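All remarks here apply to the structure that follows.
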Amino acid sequence: MRTIGKLIAVAVLMAGLADGGDGRPAAGAAGELATPQGWSTAAPRDELRPTFSYADHGGRDAKGAFVIQADRDGLDGWWTTTVPVEGGRHYRFHAARKVEGVALPRQTAVVRIVWQNDKSQPVPSEAASPQSYLKGWKLVAEPEFPIDKETDSHGWTEVSDVYRAPSQATRAVIELHLQWAPPGGRIEWSEVALTPTAPSAGRKVRLAAAHFRPSGKSAAANREEAAALVAEAARQKADLIVLGETLTYYGRHVPPVDTAEPVPGPTTEYFGALAKQHNLYIVLSVYERAAHLVYNTAVALGPDGTLVGKYRKVSLPRNEVASGVAPGHDYPVFDTRFGKLGMMVCYDGFFPEVARELTNRGAEV
C-alpha cells in the first residue's frame with residue numbers, strides 16, 4: 001500500500017506545478033528559466049539546443065506548459081523528468097500538445113519514455129526474441145513512443161497510451177521532444193502525467209490475404225471468382241481480407257485503359273455488397289478512370305457496404321508507365337472499427353516513402 005500511495009503522489013506532482021515555497025515555479029538547474037520541480041532540459045549538443053521556457057499560466061486550460069522553440073533549422077532538445085514506477089504494473093501516459101510552424105508533428109513533437117533500474121541502467125526486455133540468430137544477446141526494453149489521438153478545436157492534441165513497466169524497471173524517464181523543426185517551430189506540452197492504471201483491453205484484429213489468380217474471362221467473372229474467398233475469410237472470422245492487385249484486369253490480355261472504371265463503380269458496388277453480407281472489410285485494387293487519366297487504385301469497402309476510401313498507387317513500375325497509367329500523389333489514411341488503415345500497392349513496397357508517409361498520417365495497419 002505504501003508503494004501505491006507513492007505512485008499516486010507522483011502522478012499528482014507531474015500534473016501540477018511544484019513551487020519553491022513562495023507560490024512561484026522553482027528555478028531550473030542552470031538558472032536560465034523557472035521550471036517545475038524535478039524537470040530539466042537537455043540536448044544532444046549545445047549547438048543544437050533550442051530555446052526552452054515554462055509558461056505557468058499557459059497550456060490547455062491554463063494548467064501550465066513546457067515550451068520549446070527553434071530559431072534555426074534542425075535543432076533538437078527536450079524537457080525531461082524521472083519518476084518511480086513499480087515493475088510489472090500498467091501505466092497510462094497522457095499529455096496535451098500544441099504545435100506552430102511544424103509540418104509533421106509525429107516526427108518533430110515526440111514523447112519518449114525510457115525504462116530504467118535504480119542505477120539509471122536499461123532493463124531487460126520481456127518480449128520474445130529470435131534466439132536462432134541472437135544467441136547470448138541480451139535485449140533491453142525499447143523506449144515507448146505514445147501516439148497521437150484526437151485534436152480539439154483549439155489545436156491541442158492528446159498524446160497517450162498504456163504500457164506495462166518491465167519487471168525490473170523502477171523508474172521511467174519521460175522526454176518531451178522538439179526535433180528537426182524549421183526556424184519558427186514551436187511546441188507546447190501540457191497536462192503531462194504518468195499514472196497507474198488497469199491493463200488495457202487491447203484491440204485484436206484478424207487479417208486475411210487471398211493469393212488467387214482469376215481466370216480473366218471478364219471483369220464480372222474475375223469478381224465472382226473472388227466471392228468464395230471472401231466467404232472463407234468470413235468463416236474464419238477475419239475482420240479484413242485483401243484481394244489481388246487490379247483484380248478485374250488480371251488475365252484478360254488487354255491494355256489497362258480497356259478495363260478502367262470509375263470509383264465508386266461496378267467493382268466497388270459488387271464487393272461492397274459482399275462486405276456488408278459478411279460484415280467485414282475488403283481491400284482490392286482496380287484500374288480507375290478519372291476523366292482522361294487512369295490510376296492503379298486500391299479501394300477499401302466497409303462492413304456497411306460503403307466505400308471507406310481509395311489510394312492511387314504512387315510508385316509505378318516501367319510497364320505501367322509505358323501503358324499510360326498515371327501515378328497518385330496522396331497518402332490517405334482511413335478510420336475503421338479496428339484502427340487507422342493505410343493501403344500500398346505492389347511496387348510501393350520497394351520504396352520507404354509510401355510506408356513512411358502513411359505512418360506520418362497515423363496508419364496502424
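From a predicted model like this one, the values you see are computed outputs, not experimental measurements.
By the 4.5 Å heavy-atom criterion applied to side chains, Thr41 and Phe66 are not counted as neighbours. Using a 4.5 Å heavy-atom cutoff, the side chains of Glu158 and Glu150 are not in contact. With a 4.5 Å cut-off on side-chain heavy atoms, Val85 and Trp115 count as touching. Residues Arg312 and Asp330 form no side-chain contact, since every pair of their non-hydrogen atoms from C-beta on lies 4.5 Å or further apart. Residues Glu320 and Tyr287 meet the side-chain proximity criterion, which asks for heavy atoms closer than 4.5 Å. The shortest distance between side-chain heavy atoms of Pro266 and Arg223 falls below 4.5 Å. Side-chain contact between Trp39 and Tyr54 is absent, with no heavy atoms from C-beta onward closer than 4.5 Å. The side-chain heavy atoms of Leu240 and Thr336, taken from C-beta on, include no pair separated by under 4.5 Å.
Remark: the backbone N or O of Gln116 is not paired with any side-chain donor or acceptor of Arg171 at under 3.5 angstrom. Side-chain atoms of Arg60 do not come within 3.5 Å of backbone N or O of Glu191 as any donor-acceptor pair. A donor-acceptor contact shorter than 3.5 Å links the side chain of Lys98 to the backbone of His154.
With 3.5 Å as the limit, one finds no donor-acceptor pair spanning the side chains of Thr297 and Lys310. Using modelled atom types, one finds no donor on one side chain facing an acceptor on the other under 3.5 Å when comparing Thr359 with Arg106. Using modelled atom types, one finds no donor on one side chain facing an acceptor on the other under 3.5 Å when comparing Asp148 with Thr157. Looking only at atom types and distance, the side chain of Trp78 has no donor-acceptor partner in the side chain of Gln179 under 3.5 Å away.
With rounding to the nearest 0.5 angstrom, the OG atom of Ser200 is 8.0 Å from the NE2 atom of His90. Between atom CD of residue Glu144 and atom CZ of residue Phe93 there is a gap of 11.5 Å, rounded to the nearest 0.5 Å. Separation of atoms CD (Glu100) and CD1 (Ile187) is listed at 10.5 Å; rounding is to 0.5 Å. For the atom pair Thr81 OG1 and Ile174 CD1, the distance stands at 6.5 Å (nearest 0.5 Å). Note that CG of Leu358 is 9.5 Å distant from CZ of Phe334, once rounded to the nearest 0.5 Å. Rounding to the nearest 0.5 Å places CG of Leu75 at 11.5 Å from OG1 of Thr108.
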Please output the side-chain donor-acceptor pairs of residues 269-283 that fall under 3.5 Å, not counting sequence neighbours, one pair per line with the distance.
unit_1: Asn279; atom_1: OD1; unit_2: Arg337; atom_2: NH1; d: 3.0
unit_1: Tyr281; atom_1: OH; unit_2: Arg337; atom_2: N; d: 2.9

Return all side-chain donor-acceptor pairs below 3.5 angstrom for residues 245-256, not counting sequence neighbours, or 'none' if the list is empty.
unit_1: Glu245; atom_1: OE2; unit_2: Asn296; atom_2: ND2; d: 2.8
unit_1: Glu245; atom_1: OE2; unit_2: Lys313; atom_2: NZ; d: 3.0
unit_1: Arg252; atom_1: NH1; unit_2: Thr248; atom_2: O; d: 3.0

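Closest of all the heavy-atom pairs between Pro182 and Asp73 is CA-OD1, 3.9 Å. The minimum heavy-atom distance linking Ser190 with Gly59 is given by the pair OG-CA, 3.7 Å. Among all heavy-atom pairs drawn from Ala290 and Tyr295, the shortest one is CB-CE1, 4.1 Å. Across Ala165 and Tyr91, no two heavy atoms sit closer than the pair CB-CE1, 4.0 Å. Residues Gly185 and Val102 come closest through the heavy atom pair CA-CG2, 4.3 Å.
Ion pairing between Arg164 and Glu126 holds under the 4.0 Å rule for side-chain N and carboxylate O.
Tyr311 pairs by the ring pair (Phe, Tyr, Trp, His ring centres under 6.0 Å) definition with nothing, not counting sequence neighbours.
With hydrophobic clusters built from ILVMFWY side chains whose heavy atoms lie under 4.5 angstrom apart, Val83 does not share a cluster with Val173.
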Under the criterion side-chain hydrogen bond (donor to acceptor under 3.5 Å, both in side chains), I'd like the reasoning laid out for Asp348 against Ser315: C-alpha separation, chi angles, the key distance, then a yes or no. CA-CA 5 Å; Asp348 284 330; Ser315 309; 3.0 Å; yes
